[in-house]
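The block underneath contains the structure these notes are about, expressed in structure tokens.
Chain A is the first sequence line, chain B the second, and so forth, proteins listed ahead of strands; every chain is numbered from 1.
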Amino acid sequence: MCCPSSLGSRKQRTRNVPELPEVEIIRRKLSPLLVGRTIRKLTTGKPSYFFLTPPKLLEQKITGRSFVSLERHGKYLICKLDDTSQMLWHLGMTGQLLTRERKGALDVHVHLRFEFSDSGPELLFRDVRKFGKVRWLKPGSAEPRLNKLGVDALEITGQHLFEKIRKRSAPVKTVLLDQGVLAGVGNIYADEALFISKIRPLTAARELGKAQVDLLASNIRSILSRSIKLGGSSISDYLHPDGQSGAFQQTFLVYGREGEPCTKCQQLIVRDVLGQRSTHYCPRCQR
DNA sequence: CAAATCCCCTGCAGGC
DNA sequence: TGCCTGCAGGGGATTT
């Protein structure tokens, strides 16, 4: 049938990176598969610059350890190990955590392969763009990056968000992406939440009134929850650990819809660049 | 302290 | 058909 590109306008290619819902789904699916299991062997691919902890050191520190819990703050996954050390994972843009039966060759983008002492599936850390991060933390030490994160976006309240942004002159879209303000919102959910809240992304954060920020905070929480229910957004690289795709991308109202009619008012969706990130909004609904 | 800019990387769309 | 260019994006470093 008719293809969208027949409209003639050059459409931006959009990608989706793991944001809070995607990381939370990984956590929920991976947690029962990891907790209680012991790492028998860690294999690293060619050392990539992206490791915060050198692969050899990581291998030395976690071999023989077992998983106690898998937690999440914003877009970070936090593995607690049985010697009270921790392993942090950040998936960057294209990071994937995949489970599979122990067989077959590894493709060149697999950077870590966790094998366990039992005969169950192994775990792969795969990352094409190499923006992902893996860090081991010795017992009792804290990760400065985690300490700088704002509250998890699922917990954000209007009052708290208002306090955090009331003096910020930057566009509200840019401020929502600041992980020190709230943790877990990325490009897609920022655009979608602003649309639902009828707030133009370019608006200076400090111009927003308390009622608007209350609404925004509430919409951020609800859109993230809805995405989790639908398995997250799978446009390009994101997959669940078992290879399943999410379905939330089918409900996007503005993201990646440049040039298409707004679902509310038929005005064409506009794309701008803010803080070097593409930003989508309806010029009529969002004032 | 906040804001703006640049950069890491690689697959792939678009142009010719 | 095939080569070349430019873009996507999180977040850290650096500069203003």
Side-chain angles (χ1 to χ4, degrees), chain A residues 3-24 26 45-53 72-77 88-97 107-111 125-135 143-150 152-153 161 163-192 201-208 224 232-239 249 252 254-259 271-280:
Chain A
C3 61
S5 60
S6 66
L7 294 172
S9 67
R10 245 186 38 229
K11 188 126 162 73
Q12 286 296 320
R13 278 181 313 124
T14 51
R15 311 186 64 86
N16 75 302
V17 311
E19 302 181 33
L20 187 150
E22 290 75 31
V23 179
E24 175 61 14
I26 290 172
K46 286 182 184 171
S48 298
Y49 82 93
F50 79 92
F51 282 96
L52 289 173
T53 299
R72 182 192 58 74
H73 189 166
K75 304 174 193 172
Y76 282 87
L77 282 168
L88 301 184
W89 289 325
H90 193 292
L91 298 174
M93 281 186 63
T94 54
Q96 300 172 321
L97 288 161
D107 76 64
V108 294
H109 301 303
V110 171
H111 303 292
F125 186 102
R126 183 174 184 274
D127 186 7
V128 172
R129 291 285 194 288
K130 298 181 182 173
F131 286 178
K133 306 272 192 298
V134 175
R135 178 155 194 190
E143 166 59 45
R145 288 176 182 78
L146 286 187
N147 293 339
K148 286 180 193 157
L149 290 181
D152 192 77
L161 186 60
E163 289 302 322
K164 289 289 249 184
I165 72 176
R166 61 183 304 174
K167 293 182 178 157
R168 300 284 295 261
S169 62
V172 59
K173 161 71 184 285
T174 307
V175 174
L176 289 182
L177 296 181
D178 182 343
Q179 301 298 297
V181 170
L182 76 172
V185 173
N187 212 32
I188 292 176
Y189 298 105
D191 280 5
E192 295 292 312
L202 297 83
T203 310
R206 64 183 178 200
E207 302 296 321
L208 297 176
L224 296 175
S233 307
S234 296
I235 302 176
S236 48
D237 300 283
Y238 174 70
L239 291 175
Q249 70 279 4
F252 288 170
V254 287
Y255 187 79
R257 299 190 67 245
E258 177 189 14
R271 175 182 173 274
D272 260 344
V273 175
L274 271 186
Q276 302 185 311
R277 299 290 178 260
S278 49
T279 295
H280 311 77

Distance check: side-chain N/O of Tyr255(A) vs OP1/OP2 of dG9(C), anything under 4.0 Å? yes

Using the side-chain heavy atoms of Tyr76(A), tell me which of these nucleotides is nearest: dG9(C), dC6(B), dG12(C). dG12(C)

Is there a donor-acceptor pair under 3.5 Å between the side chain of Asp191(A) and the backbone N or O of Tyr255(A)? no

Atom CE of Met93(A) and atom P of dG11(B): how far apart are they, to the nearest Å? 12 Å

Distance-only side-chain donor-acceptor flag, His111(A) / Asp127(A), under 3.5 Å: no

For Thr174(A), answer base if it contacts any base atom (sugar-phosphate contacts may also be present), sugar-phosphate if it contacts only those atoms, and nothing otherwise; contact means non-hydrogen atoms under 4.0 Å. nothing

Heavy atoms under 4.0 Å, any strand shown: does Lys167(A) hit a base, just sugar-phosphate, or nothing? nothing

Starting from the 5' end of DNA chain B, give me the residue, Gly275(A) or Val108(A), whose nearest nucleotide shows up first. Gly275(A)

Using the side-chain heavy atoms of Val128(A), tell me which of these nucleotides is nearest: dA3(B), dG9(C), dG11(B). dG11(B)

Measure from the side chain of Gln179(A), starting at C-beta and using heavy atoms only, and say which of dC8(B), dG11(C), dA3(B) lies closest. dG11(C)

Treating Glu19(A) as the side-chain partner and Gly186(A) as the backbone partner, does any N or O pair qualify as donor plus acceptor under 3.5 Å? yes

Need one value for Gln276(A): base, sugar-phosphate or nothing, where a base atom within 4.0 Å counts as base even if backbone is also close, heavy atoms only. base

Per atom distances to the Ala170(A) side chain, the nearest of dA3(B), dG9(C), dG11(B) is dA3(B)

Return the orientation label for the Phe125(A) and Trp89(A) ring planes: parallel under 30°, perpendicular over 60°, tilted otherwise. tilted

If you compare every side-chain N and O of Arg271(A) against the phosphate oxygens of dA8(C) (OP1, OP2), does one of them come in below 4.0 Å? yes

